[in-house]
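Structure, as structure tokens:
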Amino acid sequence: MTTVHTTYREAVREALREALRADERVFLMGEDVGRYGGCFAVSLGLLEEFGPDRVRDTPLSESAFVGAGIGAALAGMRPIVEIMTVNFSLLALDQILNNAATLLHMSGGQLSVPLVIRMTTGAGRQLAAQHSHSLEGWYAHIPGLRILTPATLEDARAMLRPALECLDPVLLFEHGSLYNTAGDLAEPADEVDIDTAAIRRAGNDISLITYGGTLPTALAAADQLATDNIQADVVDLRTLRPLDEATILGSVRRTHRVVVVDEGWRSGSLSAEIAARIAEHALYELDAPVERVCTAEVPMPYAKHMEDAALPQADDVVAAARRAVG
Amino acid sequence: MTTVHTTYREAVREALREALRADERVFLMGEDVGRYGGCFAVSLGLLEEFGPDRVRDTPLSESAFVGAGIGAALAGMRPIVEIMTVNFSLLALDQILNNAATLLHMSGGQLSVPLVIRMTTGAGRQLAAQHSHSLEGWYAHIPGLRILTPATLEDARAMLRPALECLDPVLLFEHGSLYNTAGDLAEPADEVDIDTAAIRRAGNDISLITYGGTLPTALAAADQLATDNIQADVVDLRTLRPLDEATILGSVRRTHRVVVVDEGWRSGSLSAEIAARIAEHALYELDAPVERVCTAEVPMPYAKHMEDAALPQADDVVAAARRAVG
Amino acid sequence: MSRGSRALSARGKHRTELLRQMVRIRRFEERCVELYSAAEIRGFMHLYIGEEAVAAGLMQALSADDAVVSTYREHGHALARGVPMASVMAEMFGRSTGCSRGRGGSMHLFDVVRRFYGGNAIVGGGLPIAVGLALADVMRGRPQVTACLFGDGAVAEGEFHECLNLAALWALPVLFCCENNLYAMGTALAREHAATDLALRASSYGMTSWAVDGMDVEAVAAAGNRAVETMRASPGPCFLELRTYRFRAHSMYDAERYRGKAEVEQWKQHDPIDQLTTRMRDDGELTDKSLTTLEAEVDSELDEAVAEAKAGPLEPVEDLMRFVYTEQS
Amino acid sequence: MSRGSRALSARGKHRTELLRQMVRIRRFEERCVELYSAAEIRGFMHLYIGEEAVAAGLMQALSADDAVVSTYREHGHALARGVPMASVMAEMFGRSTGCSRGRGGSMHLFDVVRRFYGGNAIVGGGLPIAVGLALADVMRGRPQVTACLFGDGAVAEGEFHECLNLAALWALPVLFCCENNLYAMGTALAREHAATDLALRASSYGMTSWAVDGMDVEAVAAAGNRAVETMRASPGPCFLELRTYRFRAHSMYDAERYRGKAEVEQWKQHDPIDQLTTRMRDDGELTDKSLTTLEAEVDSELDEAVAEAKAGPLEPVEDLMRFVYTEQS
Ligand SMILES: Cc1ncc(C[n+]2csc(CCOP(=O)(O)OP(=O)(O)O)c2C)c(N)n1
Ligand SMILES: Cc1ncc(C[n+]2csc(CCOP(=O)(O)OP(=O)(O)O)c2C)c(N)n1
Ligand SMILES: [Mg+2]
Ligand SMILES: [Mg+2]
């Protein structure tokens, strides 16, 4: 097995390149994916390789071009629509919820929507209240969608393929803080599934359940806890809808203590669903109340010290874990 | 105390009339609130009484007129914006989340947004996948908003006043199935708060926690349970954000068993947050896992038998309660 | 085929077909009203009565490979497109034999074989889909056209603007068909739009655009044909404003406070079916007998459709969770 | 006031004020670039350099009672509107003395006293707010105007369309100010819009609309004055297309692959500050000395602003949860 040293950003780009090469039905469409080189430089170079037809710059019209992705998918294409960031996806939410997620059902099974929508998500770069949302857990409420949150280089590289093979709309959330993550990656890339959660670090003392941008936070906390001889089981959900309940409950049954780490605003975040599932299906396994470390319920402030205070930090996770371990 | 026999629809209308009479800054704006008489006949007659300036028909432009409500609120008015149904509110979600809910914060406390947005919500009338959403619990995820769900004649009549007095954006969800509910109402109307949940029926054996359109379902279930001598404590949340945690936990501490009834799709619905709060703060009070009775995670089918199967029914609540009581 | 049509000229045959489609739609909906009163049909139901010329005229301009995107007022579109009446009626009944398996109802008719992409109940929500269908056709080098129907109300939505711009910018073969029936529910045209000449508005995006008498089925057919020819010859969208009127309420729950009876009566003088039958009679293309035959044929098609719909099974409740995700076959 | 302006004609004074505003904006942003490199300022920062004539020309047309709604590229708008430079700079530093208390940053400048309603970072998101502010003014019988600034990119968003229609339909005094700098990030005008004459597009809604040389501050000022006068005289919106150009990258993270250096250099020949100073020199309204004085005044204002910003306290972390809901006083 050979490996390459790469970044999360390059891994996503490589995945896009592979998809565009492999299937002529695939095309990439979104604001500034082409000439600008992608607003986070993810799609840099793809225009030159695949041309403006398949790497298609759109006007600022989120609703129209997301809906156009749906229509193109209905007509046999395999569009990858990029919404620059999750913050702007609200403008396309009607198309996502009322069309992409429902057409198969409303048509009694006639119309599949094999569409992939990618977007950057998350806070941490002092972008303030309108540019720091973490709404992937919120999107996971919608039946008919699949919600993926690649948190590792491997997943950044490999999740796109099964997402494109899936005949239903898939939303892929890339946390902005991950793009510069560097590391070694197998080449050719390993295959991954988009159905299961992964244990990123095994332990029997406490479950740290997380996904996406807070996986590094949870792993850092696990390191700290290990110095106290508390071995954390770090669950990376990977797919927020449908949830891999078996892996979650399996971890809880081993550890009997849980901290959910979620960058969404606490109330109504995905962490609530995780806690609820545990309370439903593993209540008697719990040796301590479920802890949640989430983002403070405030629009994101610009000032660094305030943003840091609002976001889940490794120390918060450690403190919560200590409370749970008692 | 005199009482009048009235309906939920008339109670909402009376509340609107009172507000328009009491404060000239108040106006009502939305699609077909005027000449058509309101799409569910709620605002019938108000155009004639208050004129087209204050009962203002808008074009089909949800984003613009909701945003215009925000702007008018900033400039000292007290707009009541009607979005015909929650299903169309997705088109205005950017304005609601990125502007209404954040302006106060982004401006460092300078700009309050005293805006009330009313909308009809819910399923049950065979309106199929695009016209049957129950998203009020989903909206409750957003900091900066207050989410109200009047479920009784009293609340339909009286919640608007404190909503208008509140200096922050308030979303008022009226469940379509409630409009024809009839009953007696005190006149002049009692005052109500918009901060606390209400116990609609007291009992010590099990907590049925619900709100809005499923309050009648929960009460019907409570009646059935009573014939088996299971006395249910029926909690009507009334306000979904901020949640009245004290009343919820108080009920759980009395009954030690919980069924949450929520018309939202199960995963990520408000029921999850309720279950999570209980698992966090009253874990050791629970004598049984938290049960949730929610809508099946499917876009709403048109056919009656399928819609009935998808929605929470009193029998489902009874069955869940029996499981919990064991 | 009607027996009376045997001796007809090409124009006579063409007109007979247009008439047949309009009568099918009219009778279908009249029956639906009865069935709604009998609670066989439920939910929201939006009637097309008065507007039949638009569907009949436009659909004949399309080939089987073209695509259609429609609204919640789409019984007429579906029928004229060739979706079998029995499967539309079964859908109204919520039966699994319905064209959307009973999952959709009146507002969500679909027929993928006929490239009839629904049945969208969010005003304006179908336009982006039409743009995407056309984009796919262009990218795959197919010469199809996508017809997208919507109302005057939809023109106020932001999506209208985004989609007209996108289709014009990318030269996509979308035939935008605005059914201007002068009202969006209870809101009259001049209270929805600062500029009420909708064809002119559309032309400001740089696309060929014109207004058509939507009560005259032959005018609609001619416009549809011309638009489709133009689009097949050189790429790019077209916009047709079809000026029409609905004779009935917006939906089954509308007290029609916003317009006077006299106005409605006046428009009924332009009934598209009456107009065409008069013209055909004048031209010797329609007799009492051939009309009776045509009506009888439609009636029996309709009776059969209702009977089939009634006989159709309900989907088993155990299947509730199907069609949320695609079933791998 | 600059001492050099004492002997000036009215026109000379007016021009000096325009010049001063443009220089204030230019120097402010140049300093911001340095401070960004020094990591004193963070987040997204969008520079206005090259476009100063628009802010300076428009803001002088407004009275203190009028309202302004802006975008994320709004340093220039805020400064020209009269938001104190120190409070803008403190905001960039994230200090509690900032005009948004450090909660907003570069993209979210607010000053309610000056009716400066931000600072909106969702493209197109400010337009509905402007419509609402104007609606409130009309309903309360106040003669104000609301100026709403946005870019050429925003014109493609559905909200643009909805808001122009609404303002025209209801005859609301919104002055729509489109800063057409030819690019939306990396997307050139002709790749965003099927119809690139934006003033013409706006006029299709039935509002007075014209294009202005946005590099010529006097042209902008004249257009702004004329528009505001028109609007105060008879109700209804106006639309100005300000043709301008940004000399710098879209934001601090832009490699500018989408345009050539030559194009940028050519536009720099039309630098709004150079144009005005040349004209003023030619007309004997500006000397080396008076320019030096003006520059020195701006520099010291800027130095003070930076010093104040640096000295400004950070908000205590304990206050994190404030300003989610209004505090009852
Ligand atoms: C986005 C949205 N807003 C509101 C509605 C409610 N509604 C359904 S039909 C309609 C009027 C639409 O008018 P028009 O586009 O002219 O079509 P018509 O009904 O006249 O055929 C309205 C307001 C909706 N379905 N979708
Ligand atoms: C709705 C939305 N989509 C995308 C973005 C990302 N974005 C920020 S600025 C910008 C370009 C806007 O161009 P224009 O309106 O011309 O203004 P300019 O930056 O040129 O001043 C884009 C795409 C955004 N902020 N909001
Ligand atoms: Mg209409
Ligand atoms: Mg621009």
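Side chains are part of it too, since the values below use all heavy atoms of this structure and drop only hydrogens, waters and symmetry mates. Every chain is numbered from 1, with letters handed out A, B, ... down the list of sequences.
When heavy atoms are compared at a cutoff of 4.5 Å, A:Ser61 approaches chain D by way of both its backbone and its side chain. Proximity to chain A (any heavy atom under 4.5 Å) is shown, for D:Ile41, by both the backbone and the side chain. Both the backbone and the side chain of A:Glu62 come within less than 4.5 Å of a heavy atom of chain D. When heavy atoms are compared at a cutoff of 4.5 Å, D:Phe44 approaches chain A by way of both its backbone and its side chain. With a threshold of 4.5 angstrom between heavy atoms, D:Tyr183 does not approach chain A through any atom at all.
A pairwise comparison of heavy atoms in D:Leu320 and A:Ala296 identifies CD2-CB, 3.9 Å as the closest pair. Of all heavy-atom pairs spanning A:Pro299 and D:Val324, the tightest one is CD-CG2, 4.1 Å.
Between chain D and the options A:Glu31, A:His131, A:Arg35, the largest number of non-hydrogen pairs under 4.5 Å is found for A:Arg35. Put simply, of D:Arg191, D:Arg95, D:Met321, D:His108, the one with the most heavy-atom pairs under 4.5 Å next to chain A is D:Arg191. Residue with the most contacts toward chain A among D:Gly153, D:Gly98, D:Ser251, D:Ser96: D:Gly153 (heavy-atom pairs, distance under 4.5 Å). Ranked by heavy-atom pairs under 4.5 Å with chain D, the first of A:Leu127, A:Thr58, A:Asp308 is A:Leu127. The residue among D:His193, D:Glu159, D:Glu157 with the most heavy atom pairs within less than 4.5 Å of chain A is D:Glu157. Chosen from D:Glu192, D:Arg103, D:Arg322, the residue pairing most often with chain A at heavy-atom distances under 4.5 Å is D:Arg103. Taking chain A as the reference chain and counting heavy-atom pairs below 4.5 Å, the highest number among D:Gly104, D:Ala184, D:Pro316 is found for D:Gly104. Residue with the most contacts toward chain D among A:Leu44, A:Val298, A:Asp32: A:Asp32 (heavy-atom pairs, distance under 4.5 Å). Heavy-atom pairs under 4.5 Å with chain A peak, among D:Gly94, D:Ala188, D:Ala255, D:Ala156, at D:Ala156.
When side chains are defined from C-beta on, D:Glu315 counts as touching A:Met306, because their heavy atoms get closer than 4.5 Å. Using a 4.5 Å cut-off on side-chain heavy atoms (C-beta onward), A:His305 and D:Val317 make contact. Residues A:Gln130 and D:Met107 have side chains not in contact (no heavy-atom distance under 4.5 Å, counting atoms from C-beta outward). Residues D:Ile122 and A:Leu91 are in side-chain contact: their nearest non-hydrogen atoms beyond the backbone lie under 4.5 Å apart. In this structure the side chain of A:Tyr36 never reaches within 4.5 angstrom of the side chain of D:Thr187, judged on heavy atoms.
More than 12 heavy atoms of other residues, nucleotides or ligands sit less than 6.0 Å from atom CD of D:Glu263.
Rounding to the nearest 0.5 Å gives a distance of 11.0 Å between CZ of D:Arg257 and CG of A:Leu47. From D:Met92, atom CE reaches atom OH of A:Tyr302 across 6.5 Å, with rounding to the nearest 0.5 Å.
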Please assess A:Arg125 against D:Arg42 for the test side chain to side chain contact (heavy atoms under 4.5 Å, CB included), listing each intermediate value before the final yes or no. CA-CA 8 Å; A:Arg125 291 162 298 145; D:Arg42 298 276 75 189; over 6 Å; no
